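Beneath this line is the structure, given in structure tokens, with notes to follow.
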2 protein chains.
Amino acid sequence: MPLPKLKEIEGSAELEQMIEKAREASDMLKALSHESRLLLLCILAEGEKSVTELEQFLGERQSTVSQQLARLRLDRLVTTRRDGKAIYYSLANEDVRKILTAIYDVFCEPVRRRRR
Amino acid sequence: MPLPKLKEIEGSAELEQMIEKAREASDMLKALSHESRLLLLCILAEGEKSVTELEQFLGERQSTVSQQLARLRLDRLVTTRRDGKAIYYSLANEDVRKILTAIYDVFCEPVRRRRR
DNA sequence: ATTACATATACGAATTTAATGATATAAGAA
DNA sequence: TTCTTATATCATTAAATTCGTATATGTAAT
């Protein structure tokens with residue numbers, strides 16, 4: 001799946017579309033581009049977790065974690081489910097997982113490979 | 001390549017490593033998470049381009065484009081080569097391309113597929 | 001040496017984002 | 001009902017980012 005050729009795009013209606021897509025993508029990336037939020041998503045990639053579990057893992061204040069989660073919710077990267085007092089978070093869709101996997105492959109795979 | 005299990009990580013030295021990787025990754029993502037910079041990288045994915053070409057494509061001020069490029073340079077997402085008066089930019093490595101491809105697959109492929 | 005062109009950098013104003021402490025809501029237990 | 005636990009939201013401040021204007025640098029041409 002090659003990236004598109006400039007010639008096919010320049011000055012056309014496709015340019016507008018490309019700009020629109022870039023905006024959507026950069027919005028999602030903004031949500032991802034934060035150390036704590038990225039860690040949250042990596043943990044959620046393993047399966048759903050309650051806010052308390054996430055707090056403990058990150059070792060950050062409750063309100064801070066909750067606000068990062070709110071951000072991820074608003075940008076539709078995660079979904080929630082309530083069970084009693086707890087609210088469980090999980091990745092919202094496969095797109096998020098795809099991006100996370102790519103990031104994981106680039107930044108984390110080399111580490112594991114080196115350690116074998 | 002599965003994402004790692006929490007059990008294997010929690011409380012261990014691996015946690016520190018994971019946090020370090022998250023910081024590296026989020027730094028790169030911050031550079032990516034900007035509409036113009038993302039467009040610049042998409043254009044560069046096709047091949048090297050001079051600053052003037054990039055300016056024309058984006059339709060933004062010279063200093064703005066140059067500053068975005070500086071940011072990408074500092075974060076090592078692009079490299080440069082001088083030829084006479086012009087400076088040509090290109091993607092710095094395959095890691096950048098991998099991430100861009102994942103983003104492209106998620107945000108742009110569906111569009112093209114739909115149009116066929 | 002002067003000029004023109006391509007690109008980079010400096011600086012400040014405006015905007016955005018993040019962290020904190022305090023308060024609110026919702027559920028369950030007593 | 002009151003208390004406690006889990007989570008969310010609000011308000012304030014601090015810090016980071018972005019964009020514009022202006023200026024500087026490097027190369028080539030005259």
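All values derive from a computational prediction rather than experimental measurement. Note on naming: letters A, B, ... go to the chains in the order of the sequence lines (proteins, then strands), and numbering restarts at 1 for each one.
Atom CG of Leu58(B) is separated from atom P of dT7(C) by 14 Å (rounded to the nearest Å). Between the C1' atom of dT7(C) and the CZ atom of Arg81(B) lies a distance of 15 Å, rounded to the nearest Å. Whole-Å rounding puts the Gln62(A) CD to dA22(C) P distance at 14 Å. Distance Leu39(A) CG to dA18(C) P: 14 Å, rounded to the nearest Å. The distance between atom CD of Gln67(A) and atom P of dA24(C), rounded to the nearest whole Å, is 16 Å. Following rounding to the nearest Å, Ile87(A) (CD1) and dG28(C) (P) show an atom-to-atom distance of 12 Å. When rounded to the nearest whole Å, the span between CG of Leu72(B) and P of dT7(C) equals 16 Å.
Evaluated for a side chain to side chain donor-acceptor pair (under 3.5 Å) with Gln68(A), the options Glu60(A), Glu35(A), Arg37(A) yield exactly one hit, Arg37(A). With Glu20(B) as reference, Arg23(B) is the one residue of Gln17(B), Arg23(B), Met18(B) to meet the side-chain contact (heavy atoms from CB on, under 4.5 Å) rule.
The listed nucleotides are dT20(C), dA27(C), dA18(C); the one nearest the side chain of His34(A) is dA18(C).
Residue-level contact check: Gln68(B) touches the backbone only, with heavy atoms under 4.0 Å from sugar-phosphate atoms and none from bases. Across all strands, Ser66(A) comes closer than 4.0 Å to base atoms (heavy-atom distances). Within the nucleic acid shown, Ser63(B) comes within 4.0 Å of at least one base atom, counting heavy atoms only. Residue Tyr88(B) is classed as having no contact, given no heavy-atom separation below 4.0 Å to the nucleic acid. Note on Thr64(B): only backbone sugar-phosphate atoms sit closer than 4.0 angstrom, heavy atoms only; bases stay farther off.
Taking every heavy atom of both residues into account, Ala45(A) and Leu91(A) meet most closely at CA-CD1, 3.7 Å. Closest non-hydrogen pair, Ser33(B) versus Lys30(B), comes out as OG-O, 3.1 Å. Of all non-hydrogen atoms in Ser26(B) and Leu38(A), the two that sit nearest each other are N-CD2, 3.9 Å. Residue Ala31(B) comes nearest to Leu77(B) through the heavy atom pair CB-CD1, 3.6 Å, listed as atom of the first residue, atom of the second, then distance.
Contact annotation: Arg71(A) reaches the phosphate of dA18(C) (side-chain N/O to OP1 or OP2, under 4.0 Å).
Residue Arg81(B) qualifies as enclosed at atom CZ: its count of foreign heavy atoms under 6.0 Å is above 12.
Nearest-nucleotide positions on DNA chain C place Arg37(A) closer to the 5' end than the other of Arg37(A) and Gly84(A). With the nearest nucleotide of DNA chain C identified for both Arg61(A) and Asp83(A), Arg61(A) has the one nearer the 5' end.
Once you apply a 4.0 Å limit to the heavy atoms of chain A, the touched nucleotides of DNA chain D run 5' to 3' over dT5(D) to dA11(D).
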